[in-house]
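In what follows, every heavy atom counts, from backbone to side chain, and hydrogens, waters and symmetry copies are set aside. Letters A, B, ... are given to chains in the order of the sequence lines, protein chains preceding strands, and every chain is numbered from 1.
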2 protein chains.
Amino acid sequence: MALIKRNTWQREAVRKALASSPSFVSAQQLHAKLESAGSAIGLATVYRALASLAEMNEVDCLNSPEGEQLYRSCASGHHHHHLICRSCGKAVELEADTVEKWTAAVAKQHGFTEVSHVVDMFGTCAECSASSE
Amino acid sequence: MALIKRNTWQREAVRKALASSPSFVSAQQLHAKLESAGSAIGLATVYRALASLAEMNEVDCLNSPEGEQLYRSCASGHHHHHLICRSCGKAVELEADTVEKWTAAVAKQHGFTEVSHVVDMFGTCAECSASSE
DNA sequence: TTCTTATTGAGAACTCATCTCAATATAGGC
DNA sequence: GCCTATATTGAGATGAGTTCTCAATAAGAA
Ligand SMILES: [Mn+2]
Ligand SMILES: [Mn+2]
Ligand SMILES: [Zn+2]
Ligand SMILES: [Zn+2]
């Protein structure tokens, strides 16, 4: 149990690498990026840093259709969802009260409690569809 | 490339096992269930049957928060989403035009194409929350 | 029945992720 | 600044879920 949090250059490197990109990336992509930039950070540490940053809501985390977890640095403190480009990972943050209300109403109507929801959209962004022609 | 589809007792066993349950199950759960019922079906075959049935929209498939794929037999031919019990897998089928329209509008607004969406809700059903007290 | 070939199943292989544990480095107390 | 307790690291092992390999089997057309 980590009672005290220490600051390490590894955690900071992960934070910076994430902040410098508007795209969702996997832990392995991020590790490769850091390594190719000369960093000697370990893969396990990248996984730990991402999990920790996600825990304190500094980064968003979602599951790709392929089943791997993708991360992106998050400024907004508000609850939101994403529209993500399948090819470059670029994402748009979305807020939708109507969807939030719908989920709450549906859960209540069917007697479900402790309900969480997943609302993600995956497509091809304008730039990627332009460059693929 | 499977040009011709053959009917095997294995595929039929998977179909029946799915049809007999209102809950989402994993491939391994389904395999265990079949084995304990006396069937000698192989695990790889269960995986293949589920993928094939999902491909032809005979079963619904979704990714659990834990990262495994869950399957459930699907009668309705319409596009829909699910409210799933985390503890027993029981699911309610949901249709929501407002959500469908919102996703389409948002995708268009941001210039994304080929957009698919994931809308799942996970909670505790009334029965499960009653029996856990 | 015969023959072609789609399908099966045991186990290997693969991917993503977490765990182990000895070595290291941080931060607080002096 | 130095010491010390311990949080953190990283290489490799391990685990979970899924797919692949390939020889054996069996479905279905002729
Ligand atoms: Mn929401
Ligand atoms: Mn929908
Ligand atoms: Zn793109
Ligand atoms: Zn339940």
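- The closest side-chain heavy-atom distance from B:Leu83 to A:Val106 is below 4.5 Å.
- Counting only heavy atoms from C-beta outward, the side chains of B:Leu94 and B:Met121 approach each other to under 4.5 Å.
- Computed from C1' positions of five pairs at each end, the angle between the two local axes of the helix from C:dT1-D:dA30 to C:dC30-D:dG1 equals 30°, rounded to 10 degrees.
- Across A:Arg72, A:His81, A:His80, a single residue satisfies side chain to side chain donor-acceptor pair (under 3.5 Å) together with A:Asp60, and that is A:His80.
- A straight line from CD of A:Glu12 to P of D:dA7 spans 21 Å, rounded to a whole angstrom.
- Atom pair A:Leu43:CG and D:dG12:C1' shows a separation of 11 Å (rounding to whole Å applied).
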Nucleotides 19-30 of chain C: protein proximity per nucleotide (B base, S sugar-phosphate only, - neither; heavy atom, under 4.0 Å): BB----BBS---

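- Rounding to whole angstrom units, CD of residue B:Glu68 and C1' of D:dT19 are separated by 16 Å.
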Worked check of side chain to side chain donor-acceptor pair (under 3.5 Å) between B:Thr124 and B:Arg86: CA-CA 6 Å; B:Thr124 308; B:Arg86 260 188 290 262; 4.8 Å; no

Trace of the salt bridge (Lys or Arg N to Asp or Glu O under 4.0 Å) decision for A:Glu127 with A:Lys90: CA-CA 10 Å; A:Glu127 278 134 39; A:Lys90 192 174 60 194; 2.7 Å; yes

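- In this model, the phosphate group of C:dT18 is not approached by any side-chain N or O of A:Tyr47 to a distance below 4.0 Å at OP1 or OP2.
- Here A:His82 and A:Phe24 bring their ring centres to under 6.0 angstrom of each other.
- For B:Leu34 against B:Ala17, the heavy-atom pair with the smallest separation is CD2-CB, 3.9 Å.
- Residue A:Leu50 contributes atom CG, which lies 14 Å from atom C1' of C:dT18 at whole-angstrom precision.
- Contact of the B:Glu93 side chain with the B:Ser76 side chain is registered, since non-hydrogen atoms from C-beta on lie closer than 4.5 Å.
- Computed from coordinates, the A:Gln69 CD to C:dT15 P distance equals 18 Å when rounded to whole Å.
- At a non-hydrogen distance threshold of 4.0 Å, A:Gln28 from residues 13-38 of chain A come into contact with DNA chain C.
- A:His79 and A:His117 have perpendicular rings, their planes meeting at more than 60° on a 0 to 90° scale where under 30° would count as parallel.
- In this structure, B:Ala91 and B:Ile84 approach most closely via the heavy-atom pair CB-CG1, 4.1 Å.
- Regarding A:Ile41, its CD1 atom lies at a distance of 7 Å from the P atom of D:dT9, rounded to whole Å.
- At a threshold of 4.5 Å between non-hydrogen side-chain atoms, the residues A:Tyr71 and A:Val46 do not count as touching.
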